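Okay, so here's the structure we're looking at.
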Amino acid sequence: MVPRLIDPRSLRWKVAAGVAAATCATALGIGILVHRTTEDRAMSIGRGNAIEALDTAKAEFRGEQPVRDPSGPGYEVGGDLPDELLERLEAAAGDTAVTWYDTRYPLQGPRMWAAEHVDGSALGASVDMGAEQRSLQALDRHMRYAALAILAVVVPLTVLAAELVLRRLRRVAGTARRIRRGDLDARTRARGRDEIGEISAAVDLMADALQERLRGEQRFTADVAHELRTPVAGLVTSASLLPESEATELVQDRVRVLRGLVDDLLEISRLDAGAEEADLQEVPLGELVTESVRRTGLATEVVVRGDPVAETDPRRLDRVLTNLVVNAHRHGAPPVRVTVDGTTIAVRDHGPGFPPDLLDHGPQRFRTGAVERGHGHGLGLTIAEGQSAVIGARLTLANAGGPGGTEGDDADGGSGGLATLELPAPAGT
């Protein structure tokens, strides 16, 4: 996973990139405007200086004043003028003076020319524009440095400002994840009145509604189980008094199933209410698992590696293992294998595997997930998951040999359900 701070997909960097792009666009627009304004001003001053030089050249050409430069006159006449300047002069009407910016010789620097017809001859004078060009280049360079300095300040400030917003969004996301994990008391408790505050308030309202609905369902489950307990106990007693017959055996079997269902509902109601507490103690895990599997009366292979020891509640662990093994036989297919490796217990069957809906959303009461997994009330895995949480273990469901699962240690590979129970390691290990 890419660290959040350097993840380019983070909203922090998208905001920073947007602000940086806007800053660059603004700096570019201002830079172009200043560049062109300064360039136009330099060209205007250069034309004025060229016209003044031309006026001086006309006076020298006509002999009205002596030539100031001992090396020669400061003007050109006729064919000595640049062709582009002559073309402009020919295109001009009458004795109008024309100007031309000469960039033919980059090493010598640009010049501004002014020319006019004087006494039938084309007369022109030029002034050096190198200083103006260097000033314009220096201006562009300084504007680039200023833009970089602004970016160096704006981007970190933008990242910091975005972090303040993202921290609130992460708080909302964290609250949603806590609710998803079963913490129905989690709330954002945001106080802002902006859009993030609205999202936070909506999440809190959703959590309140969800909590009330779930508590209503839990109360209903507990009430139904308690109300059924007395009449079911009477049915058990009555069924035991019936004369022996095939019909009696059928009735007694159905009564036992009904009694088990009521007991499961009562256990789920206690788990929902958080009334269960673990009695932790160090136990030899291999012996405990072997005995729990033996009491199920189902043909199950047990593989224990070494002499693992775990700190757990043996009664609740027995309940979890019993439900997993019974579920594997009821909804899977033989052979069923239980492997104990350290503090990890794996229950593997060779049936059709767990349905995708169960793998995505976890066990749900009164849902078995798929017809090919067999029929049932969907309470066994729900109780196993709840009791695992009470003893501090983690129960994960996957399909062996397929997506989300592993081949494990089965030589035959294939598919099938794989339930893995990871117990906490004993203290001091």
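The shown structure was predicted, so the numbers you read here are calculated from the model rather than taken from an experiment.
For Leu151, the side-chain contact (heavy atoms from CB on, under 4.5 Å) test picks out Ala20, Thr23, Cys24, Val155, with sequence neighbours left out. Every residue was checked against the side-chain contact (heavy atoms from CB on, under 4.5 Å) condition with Glu249, not counting sequence neighbours, and none meets it. With sequence neighbours left out, Arg394 forms a side-chain hydrogen bond (donor to acceptor under 3.5 Å, both in side chains) with Glu422. The side-chain contact (heavy atoms from CB on, under 4.5 Å) search around Pro314 returns Gln281, Val283, Leu288, not counting sequence neighbours. Annotation: salt bridge (Lys or Arg N to Asp or Glu O under 4.0 Å) contacts of Asp128 (sequence neighbours excluded): none. Checked against side-chain contact (heavy atoms from CB on, under 4.5 Å), Ala138 has the following partners two or more places apart in sequence or in another chain: Arg141, His142. The salt bridge (Lys or Arg N to Asp or Glu O under 4.0 Å) check on Arg47 picks up nothing, with sequence neighbours excluded. By the salt bridge (Lys or Arg N to Asp or Glu O under 4.0 Å) test, Glu52 pairs with no residue at all, sequence neighbours left out. With sequence neighbours excluded, no residue forms a salt bridge (Lys or Arg N to Asp or Glu O under 4.0 Å) with Arg41.
Looking only at side-chain heavy atoms (C-beta outward), Thr339 and Val347 stay at 4.5 Å or farther from each other. Side-chain atoms of Ile150 and Val154, non-hydrogen and from C-beta on, do get closer than 4.5 Å to each other. Looking at heavy atoms from C-beta onward, Met43 lies in side-chain contact with Met129 at the 4.5 angstrom threshold. At a threshold of 4.5 Å between non-hydrogen side-chain atoms, the residues Val325 and Val338 count as touching. By the 4.5 Å heavy-atom criterion applied to side chains, Arg178 and Arg187 are not counted as neighbours. The side-chain heavy atoms of Val304 and Thr290, taken from C-beta on, include a pair separated by under 4.5 Å. Side-chain contact between Ile345 and Leu285 is present, with heavy atoms from C-beta onward closer than 4.5 Å. Using a 4.5 Å heavy-atom threshold, the side chains of Leu298 and Val336 count as separate.
A distance of 9.0 Å separates CZ in Arg330 from CG in Asn323, rounded to the nearest 0.5 Å. Atoms CD and OG1, on Glu116 and Thr96 in that order, are 7.5 Å from each other to the nearest 0.5 Å. How far CG of Leu210 is from CG of Leu205: 12.5 Å, rounded to the nearest 0.5 Å. With rounding to the nearest 0.5 Å, the separation of CZ in Arg315 from OG in Ser292 is 12.5 Å. Rounding to the nearest 0.5 Å places OG1 of Thr420 at 10.5 Å from CZ of Arg348. For the atom pair CD of Glu90 and CG of Leu85, the computed distance is 10.5 Å after rounding to the nearest 0.5 Å.
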Go through the steps to decide whether Thr158 and Val15 satisfy the test side chain to side chain contact (heavy atoms under 4.5 Å, CB included), and finish with yes or no. CA-CA 7 Å; Thr158 302; Val15 172; 3.8 Å; yes

Take Leu139 and Val34 through the test side chain to side chain contact (heavy atoms under 4.5 Å, CB included) and record every step on the way to the result. CA-CA 9 Å; Leu139 177 64; Val34 173; 3.8 Å; yes

Would you sort out whether Leu397 and Leu418 count as a side chain to side chain contact (heavy atoms under 4.5 Å, CB included), showing the intermediate values? CA-CA 6 Å; Leu397 305 177; Leu418 176 63; over 6 Å; no

Give the intermediate values and the outcome of side chain to side chain contact (heavy atoms under 4.5 Å, CB included) for residues Leu81 and Trp113. CA-CA 9 Å; Leu81 295 174; Trp113 284 87; 3.8 Å; yes

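The side chain to side chain donor-acceptor pair (under 3.5 Å) analysis of residues 26-40, with sequence neighbours excluded, yields the pairs His35-Asp140. Applying the side chain to side chain donor-acceptor pair (under 3.5 Å) definition to pairs two or more places apart or across chains, none involves residues 232-242. Applying the salt bridge (charged side-chain N to carboxylate O under 4.0 Å, His left out) rule to pairs touching residues 283-301 yields Glu291-Arg294, Glu291-Arg295, Arg295-Asp318, Glu301-Arg337, sequence neighbours excluded.
At least one donor-acceptor pair under 3.5 Å links the side chain of Asn399 to the backbone N or O of Phe354. Side chain of His350 to main chain of Gly416: no donor-acceptor pair is present (N/O by atom type, distance under 3.5 Å, no hydrogens or angles). In terms of modelled atom types and a separation under 3.5 Å, the side chain of Asp204 and the main chain of Arg189 share a donor-acceptor contact. A donor-acceptor contact shorter than 3.5 Å links the side chain of Ser388 to the backbone of Ala384. In terms of modelled atom types and a separation under 3.5 Å, the side chain of Ser200 and the main chain of Val172 share no donor-acceptor contact.
Looking only at atom types and distance, the side chain of Thr296 has no donor-acceptor partner in the side chain of His329 under 3.5 Å away.
The minimum heavy-atom distance between Thr99 and Arg88, with the atom names listed, is O-NH1, 2.9 Å. In this structure, Ala186 and Ala207 approach most closely via the heavy-atom pair O-CB, 4.2 Å. What you find for Arg104 and Pro82 is that their closest heavy atoms are NH2-CG, 3.5 Å. Closest non-hydrogen pair, Leu54 versus Gly124, comes out as CD1-CA, 4.1 Å. Heavy atoms only, all atoms of each residue included: Arg111 and Ser126 are closest at NE-OG, 3.0 Å. When all heavy atoms are compared, the tightest approach of Thr188 to Arg171 is O-CD, 4.2 Å.
Considering Leu395, Thr343, Thr344 as possible partners of Leu421, the one that fulfils the side chain to side chain contact (heavy atoms under 4.5 Å, CB included) test is Leu395.
Between Asp341 and Arg305 a salt bridge is recorded (basic side-chain N to carboxylate O distance below 4.0 Å).
Atom CD of Glu244 is surrounded by 12 or fewer heavy atoms from other residues, nucleotides or ligands within 6.0 Å.
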